[in-house]
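This report concerns only the one structure given below.
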Amino acid sequence: MADRIGDLEIEHDMGYQRRAWAVQRIGLGMMLLLIAAAFTGVLGGRGPLASRTLASAGDSLRLEYKRFARHQAPSQLKVHFGPGLAEKSDSTVKLWLARDYVEQIDIERIDPEPESVRAGEERVTFEFKVSDPERPSIVTFNIRPTGPWSRKGSIGVEEGPSFPFSQFVFP
Amino acid sequence: MDSVIRAAVVYAFIFLLFRISGKRTLAEVTPFDLVLALIMSEAIQQALIDADNSLTNAFLVVTTLIAIDAALLWGTQRWKGLDRVVNGLPLVILEDGKLLRDRMDREWVVTDDILTAARQQGLARLDQIKYAILERDGNITVIPREGGGG
């Protein structure tokens with residue numbers, strides 16, 4: 001395909017060159033889009049769309065978590081207990097997470113530490129003491145998602161409200 | 001397996017970025033580019049090896065990167081079409097002392113870049129140049145007019 005331009009022997013193809021420029025432009029646009037997307041939070045990290053809050057009917061159990069997380073990046077599950085959720089007799093909340101979900105995260109620390117953790121067939125149950133069952137309280141799971149892509153989880157309180165949630169983990 | 005996939009994905013991503021950002025972007029390595037390269041390698045390194053610091057993983061990653069490189073080299077000399085995609089084509093940006101502005105603009109080349117290349121060959125002015133070519137590697141080569149152009 002080596003043609004000549006004057007006495008210059010060179011492979012020169014303006015048709016191809018123009019197509020290459022067009023592709024290059026699209027690519028540059030996509031680079032900008034990627035950076036813009038990072039600011040919205042849909043790629044994980046910080047941003048208005050990164051986090052989401054779900055609540056049970058009546059708002060007695062609320063979960064604040066990263067809708068878009070990243071593989072092995074620190075992230076949180078913030079669980080809000082509404083007033084009246086704890087058992088009045090011993091001020092405990094028995095919070096459970098779906099076993100499938102727990103297997104796909106590393107739990108680094110739970111704040112406050114649960115009194116006990118019990119493994120079940122489909123659920124892992126964490127028992128927390130709250131200072132005042134009539135007032136709201138919060139527990140935080142510091143986690144790192146392991147392995148990428150989409151996963152479903154569910155959270156609930158024994159004999160109480162529960163709901164599913166979904167999370168996307170970028171590789 | 002995941003070491004190989006990770007290395008391949010990183011290779012593809014960096015290749016795309018370099019190809020998209022144009023011939024000129026990293027053609028000449030300025031001191032700043034050198035620092036940039038170090039920062040980029042630092043940023044990509046963790047993702048490339050994940051938490052696996054074993055020699056096996058390091059060898060697999062390096063082997064994959066070099067194998068892809070070798071495969072591309074083999075493929076580009078076998079198939080012209082692939083060669084164009086991977087390496088691009090040279091582009092004449094000055095002909096008979098006349099600047100081809102639209103091409104220069106597309107590749108972000110300024111007149112000074114051509115004059116710099118000319119000076120390296122002992123040419124002082126644009127009208128002494130017969131052709132200036134933006135090569136596939138991003139460098140500019142200059143062919144003087146015959147008879148020195150005065």
Side-chain angles (χ1 to χ4, degrees), chain A residues 1-39 43-46 68-75 103-108 142-149 151 168-171, chain B residues 2 5-6 8-10 12-25 46-52 76 79-98 100 102-108 129-136 141-146:
Chain A
M1 265 272 194
D3 14 87
R4 278 168 179 268
I5 290 182
D7 52 357
L8 192 64
E9 186 176 344
I10 193 170
E11 194 188 346
H12 206 260
D13 181 344
M14 280 317 287
Y16 176 81
Q17 192 64 61
R18 264 180 253 283
R19 284 198 298 280
W21 282 332
V23 171
Q24 204 169 318
R25 286 228 169 155
I26 295 168
L28 284 170
M30 276 160 58
M31 277 164 81
L32 292 179
L33 273 180
L34 193 75
I35 293 168
F39 275 90
L43 298 178
R46 271 189 232 177
F68 300 101
R70 290 175 186 163
H71 171 66
Q72 283 293 336
S75 153
E103 274 170 9
Q104 295 181 78
I105 57 173
D106 284 341
I107 298 177
E108 304 224 297
N142 291 287
I143 61 164
R144 283 173 193 262
T146 58
W149 317 129
R151 72 232 3 227
F168 186 87
V169 178
F170 285 94
Chain B
D2 50 337
I5 295 173
R6 254 200 304 275
V9 168
V10 165
F13 185 76
I14 292 176
F15 174 80
L16 268 179
L17 276 188
F18 271 62
R19 202 66 184 78
I20 284 168
S21 59
K23 286 190 179 75
R24 292 291 293 162
T25 313
Q46 292 291 327
L48 201 54
I49 62 170
D50 203 5
D52 184 350
T76 50
W79 294 294
K80 209 97 211 135
L82 184 67
D83 185 34
R84 286 180 166 198
V85 171
V86 171
N87 296 314
L89 288 177
L91 184 68
V92 176
I93 50 179
L94 182 147
E95 206 175 343
D96 287 327
K98 203 170 92 250
L100 301 169
D102 57 327
R103 299 181 184 179
M104 288 169 63
D105 291 347
R106 290 281 191 150
E107 293 284 359
W108 304 333
I129 306 173
K130 183 143 196 209
Y131 298 111
I133 300 132
L134 176 61
E135 300 291 353
R136 314 202 301 174
T141 52
V142 163
I143 293 168
R145 270 181 203 278
E146 268 142 59

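Per chain, numbering begins at 1; letters A, B, ... match sequence-line order. All values below come from the heavy atoms of this structure, side chains included, with hydrogens, waters and symmetry mates left out.
- Heavy-atom neighbours of M30(A) CE from other residues, nucleotides or ligands within 6.0 Å: at or below the threshold of 12.
- Rounding to the nearest 0.5 Å places CG of D102(B) at 6.5 Å from CH2 of W21(A).
- For F39(A), the CZ atom is loosely surrounded, since the number of other residues' heavy atoms within 6.0 Å does not exceed 12.
- Listed here is the closest heavy atom pair of S21(B) and Q24(A): C-NE2, 4.2 Å.
- Here the CG-CG distance, from L91(B) to D13(A), works out to 11.0 Å after rounding to the nearest 0.5 Å.
- Residue M14(A) touches chain B through its side chain alone, counting heavy-atom pairs closer than 4.5 Å.
- In this structure, G27(A) and I20(B) approach most closely via the heavy-atom pair C-CG2, 3.5 Å.
- Atom CD1 of I133(B) is separated from atom CD1 of I10(A) by 4.5 Å, given to the nearest 0.5 angstrom.
- Of the atoms belonging to V85(B), heavy atoms from both backbone and side chain fall under 4.5 Å from chain A.
- Distance CZ/R84(B) to CD/Q17(A): 9.5 Å, rounded to 0.5 Å.
- If you measure heavy-atom distances from I143(B) to chain A, the contacts under 4.5 Å come from the side chain alone.
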